[in-house]
Amino acid sequence: EPGRTTCESRTNAPREEAAFLRKKVDMESAREFDDLVAALDTSSAQPLNLVEALGAKGADYSQDIVELGIQLMSKRLTAEQAVSVVRAFVQLQHPGKVEGQDYRVPPTQRFREWRRFLKPICHFVALSVVKDAERTHAIHDATSKLGVSIFQTAFRCG
């Protein structure tokens, strides 16, 4: 379009396509789509308050804290180190709050449990990557007469 830079046209393209597709569906589907867009809109989301997310004794842990724990351990921190990092950030952000009274930090056993949740998921992802690599290799069969494979494909997840 005249007067638009390529960057502007790329950022508006998904919105324009969504508006175009929205006109083609029935009212019920359009309403459900609008609800989904509103739920996914993070522009009005408030920043995470770490003390509120940690909660008080006896309450369930917030999903944000579970994600934080998994993220910390994905950076090769041990469960003990992850607990120390959470404590350090809470003390930095809220020096007047007292652990055990105003908030609680998940124990190392809980961080280890969250890490165990990921094992079956990672196993499934690894197997699916291997299946895709085998399929791609079979499509591009480049095996020499001596049976030595000279074709290599690398996949990266994430």
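Just so you know, these numbers come straight off a predicted model, no measurement behind them.
- Every residue was checked against the side chain to side chain donor-acceptor pair (under 3.5 Å) condition with Asp60, not counting sequence neighbours, and none meets it.
- For the residue pair Ala53 and Ser62, the shortest heavy atom distance occurs at O-CB, 3.3 Å.
- With sequence neighbours left out, the side chain to side chain donor-acceptor pair (under 3.5 Å) criterion links Glu28 to Arg31.
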Starting from the C-alpha separation in whole Å, work towards a yes-or-no answer on salt bridge (Lys or Arg N to Asp or Glu O under 4.0 Å) for Glu113 and Arg110. CA-CA 5 Å; Glu113 177 184 348; Arg110 183 69 62 184; 3.1 Å; yes
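- In this structure a side-chain-to-backbone donor-acceptor pair under 3.5 Å is present from Gln81 to Thr78.
- Scanning both residues, Leu77 and Leu72, for their nearest heavy atoms gives CB-O, 3.4 Å.
- Thr108 and Ala79 make their closest contact through O-CB, 3.6 Å (heavy atoms, listed as atom of the first residue, atom of the second, distance).
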Please tabulate, for side-chain N and O atoms in residues 122-131, each donor-acceptor pair with protein atoms closer than 3.5 Å (sequence neighbours left out).
{"from": "Ser128", "atom 1": "OG", "to": "Phe124", "atom 2": "O", "distance (Å)": "3.4"}
{"from": "Ser128", "atom 1": "OG", "to": "Val125", "atom 2": "O", "distance (Å)": "2.8"}

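- In plain terms, the two heavy atoms of Tyr103 and Val105 that are nearest each other are CE1-CG2, 3.7 Å.
- No single ILVMFWY cluster, assembled from side-chain heavy atoms under 4.5 Å apart, contains both Val98 and Leu50.
- Glu52 is linked by a side chain to side chain donor-acceptor pair (under 3.5 Å) to Asn49, counting only residues two or more places apart in sequence or in another chain.
- At a threshold of 4.5 Å between non-hydrogen side-chain atoms, the residues Val83 and Pro107 do not count as touching.
- Looking at residues two or more places apart in sequence or on another chain, you find no side chain to side chain donor-acceptor pair (under 3.5 Å) involving Gln91.
- Between Leu54 and Val86 the shortest side-chain heavy-atom distance falls below 4.5 Å.
- Residue pairs that meet the ring-ring contact (aromatic ring centres under 6.0 Å, His included) test with at least one member in residues 61-89, sequence neighbours left out, are Tyr61-Trp114.
- Applying the salt bridge (charged side-chain N to carboxylate O under 4.0 Å, His left out) definition to pairs two or more places apart or across chains, those involving residues 65-85 are Glu80-Arg112.
- Listed by first and then second residue, the salt bridge (charged side-chain N to carboxylate O under 4.0 Å, His left out) pairs that reach into residues 93-109 are Arg87-Glu99, sequence neighbours excluded.
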